[in-house]
Amino acid sequence: MIGQYSFLGSIYMIRNYIFTKAFYPQARIIRFPFDIRNKRWIKIGKNFTCGVGCRLETHPEGKNKNKNPLLILGNNVQINDYVHIAAKEQVLLGDNVLIASKVFISDLNHGKYSSDTTQDSPLTPPDKRQLFSSPVIIEDNVWLGELVSVLPGVKIGKGTIVGANSVVSKSLPPYVIAVGSPAMPIKKFNFNSMLWEKI
C-alpha cells in the first residue's frame with residue numbers, strides 16, 4: 001500500500017494506519033480527519049476503509065437509547081472522501097458496499113412533509129422541527145457513484161449501481177443500474193447472457 005504514495009504521503013498513511021489499529025482494530029484503514037458521533041450506536045464490520053473527512057453519526061433519542069446499533073456497516077465496506085451517513089432509526093449497509101466521494105445517506109429528516117394530516121410549517125425554523133425517520137437498507141455489493149444522495153425509507157437491492165449525482169428517493173430493485181433524480185433503473189443484469197441490458 002505504501003508504494004503508491006510520495007514520501008510525505010507514505011508518512012501520512014503510516015500515521016493513519018497506527019490510529020486505525022489503535023481505535024478501530026477491525027478496520028483496514030481510516031484516513032483522518034474522521035468524525036464519528038455517538039459511536040456506541042455504530043457497528044463497523046471487518047476491513048472497513050474510509051477516505052478523509054467522513055462523518056458517521058447517530059441520533060439515539062427516547063426509546064432508541066436502549067436498542068441495538070442504529071448504523072451498521074457490513075464487512076469490506078469502502079467509503080471515499082467526505083461521505084456523510086446519519087441514522088436515527090436504522091441505516092444498514094451490507095457487505096462489499098462501495099461508496100464514492102461526497103455521498104449523503106440518511107434515514108432522518110427535519111420535519112414531516114408527506115402526511116395527509118400533520119405536516120411541519122415553513123414558519124418553524126428547520127432546526128426546531130422534530131426529527132422523523134424511516135430505515136435505509138443498502139444490500140450487499142451495491143456501488144454508489146459520486147455525489148449520490150440516499151433519502152429516508154429507501155432500500156437498494158443487492159448488486160445495484162447508482163450513477164453519479166443521482167438522488168435515491170424510492171427503493172431500487174437488485175441488479176440494476178439506476179441514474180437520475182429521482183434515480184430510475186436504466187439497465188438490469190441478465191444472468192443468462194451475463195450482460196447488463198437496457199430496460
Side-chain angles (χ1 to χ4, degrees), residues 1 4 26-31 42-58 68-109 112-116 132-199:
M1 176 168 47
Q4 307 171 43
Q26 287 192 309
R28 181 173 167 264
I29 187 78
I30 293 173
R31 293 167 180 85
I42 298 174
K43 180 181 178 184
I44 297 175
K46 295 178 182 177
N47 300 317
F48 174 62
T49 302
C50 176
V52 299
C54 291
R55 176 173 155 193
L56 306 181
E57 64 178 299
T58 61
N68 291 325
L70 304 176
L71 172 55
I72 301 171
L73 307 182
N75 296 324
N76 307 310
V77 168
Q78 298 182 53
I79 65 176
N80 283 284
D81 300 342
Y82 305 107
V83 170
H84 178 194
I85 305 176
K88 178 179 182 289
E89 190 169 341
Q90 186 177 66
V91 173
L92 171 63
L93 276 63
D95 296 337
N96 309 307
V97 171
L98 177 62
I99 300 177
S101 298
K102 301 174 184 174
V103 169
F104 174 64
I105 301 168
S106 179
D107 73 344
L108 61 99
N109 200 0
K112 192 172 187 180
Y113 308 101
S114 59
S115 168
D116 292 334
F132 286 90
S133 62
S134 184
V136 169
I137 299 172
I138 298 174
E139 294 188 334
D140 298 348
N141 299 336
V142 166
W143 175 20
L144 304 180
E146 195 99 354
L147 291 163
V148 165
S149 293
V150 179
L151 303 184
V154 161
K155 180 178 180 180
I156 301 177
K158 187 180 292 188
T160 282
I161 300 168
V162 181
N165 295 298
S166 297
V167 178
V168 185
S169 57
K170 295 182 179 178
S171 294
L172 295 171
Y175 310 117
V176 299
I177 297 175
V179 298
S181 179
M184 301 291 289
I186 59 168
K187 290 187 177 183
K188 185 173 178 65
F189 191 73
N190 183 326
F191 283 92
N192 293 320
S193 66
M194 299 301 287
L195 297 171
W196 293 96
E197 298 177 350
K198 289 183 180 179
I199 296 175

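All heavy atoms count here, side chains included; hydrogens, waters and symmetry mates do not.
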Could you list the residues that satisfy ring pair (Phe, Tyr, Trp, His ring centres under 6.0 Å) with Phe132, not counting sequence neighbours? none
State which residues pass side chain to side chain contact (heavy atoms under 4.5 Å, CB included) with Ala87; sequence neighbours excluded, sorted by chain then number. Thr58, Leu70, Leu71, Val91, Asp107
Taking ring-ring contact (aromatic ring centres under 6.0 Å, His included) as the cut-off, I'd like each qualifying pair that reaches into residues 75-98, sequence neighbours left out, listed once. His84-Phe104
Qualifying residue for side chain to side chain contact (heavy atoms under 4.5 Å, CB included) with Ile105, from Ile79, Leu56, Ile99: Ile99
Does the side chain of Ile72 come within less than 4.5 Å of Gln90's, by heavy atoms? yes
With sequence neighbours left out, what residues match Asn75 under side chain to side chain donor-acceptor pair (under 3.5 Å)? none
From Cys50 SG over to Arg31 CZ, what is the distance, rounded to the nearest 0.5 angstrom? 8.0 Å
So, for Ala183 and Val168, which heavy atoms are closest and what is the spacing to 0.1 Å? CB-CG2, 4.1 Å
Closest non-hydrogen atom pair, Asp140 against Gly94: OD1-CA, 3.3 Å
In Å, rounded to the nearest 0.5 Å, how long is the span from NZ of Lys187 to CG of Leu195? 9.5 Å
Listed partners of Asn47 passing side chain to side chain donor-acceptor pair (under 3.5 Å), at least two apart: Asn76
Met194/Phe189 under side chain to side chain contact (heavy atoms under 4.5 Å, CB included): CA gap, chis, key distance, verdict: CA-CA 7 Å; Met194 299 301 287; Phe189 191 73; 3.9 Å; yes
Sorted by chain and number, sequence neighbours left out, salt bridge (Lys or Arg N to Asp or Glu O under 4.0 Å) with Lys155 holds for Glu139
Out of curiosity, Thr49 OG1 to Asn80 CG, how far, rounded to the nearest 0.5 Å? 9.0 Å
Applying side chain to side chain donor-acceptor pair (under 3.5 Å) as the test, list every pair that has at least one member in residues 157-181; sequence neighbours left out. none
Report yes if some heavy atom in the side chain of Ile42 is under 4.5 Å from a heavy atom in the side chain of Glu57; otherwise report no. no
Show every side chain to side chain donor-acceptor pair (under 3.5 Å) that has at least one partner inside residues 188-199, sequence neighbours left out. Asn190-Glu197, Ser193-Glu197
Only one of Val179, Ile177, Val162, Leu172 passes side chain to side chain contact (heavy atoms under 4.5 Å, CB included) with Pro185, and that residue is Leu172
Please table the atom pairs, donor to acceptor, closer than 3.5 Å between any side-chain atom in residues 141-152 and protein atoms at least two apart or in another chain.
unit_1 : atom_1 : unit_2 : atom_2 : d
Asn141 : OD1    : Asn96  : ND2    : 3.4

Kindly state each residue pair satisfying salt bridge (charged side-chain N to carboxylate O under 4.0 Å, His left out) with at least one member in residues 95-104, sequence neighbours excluded. none
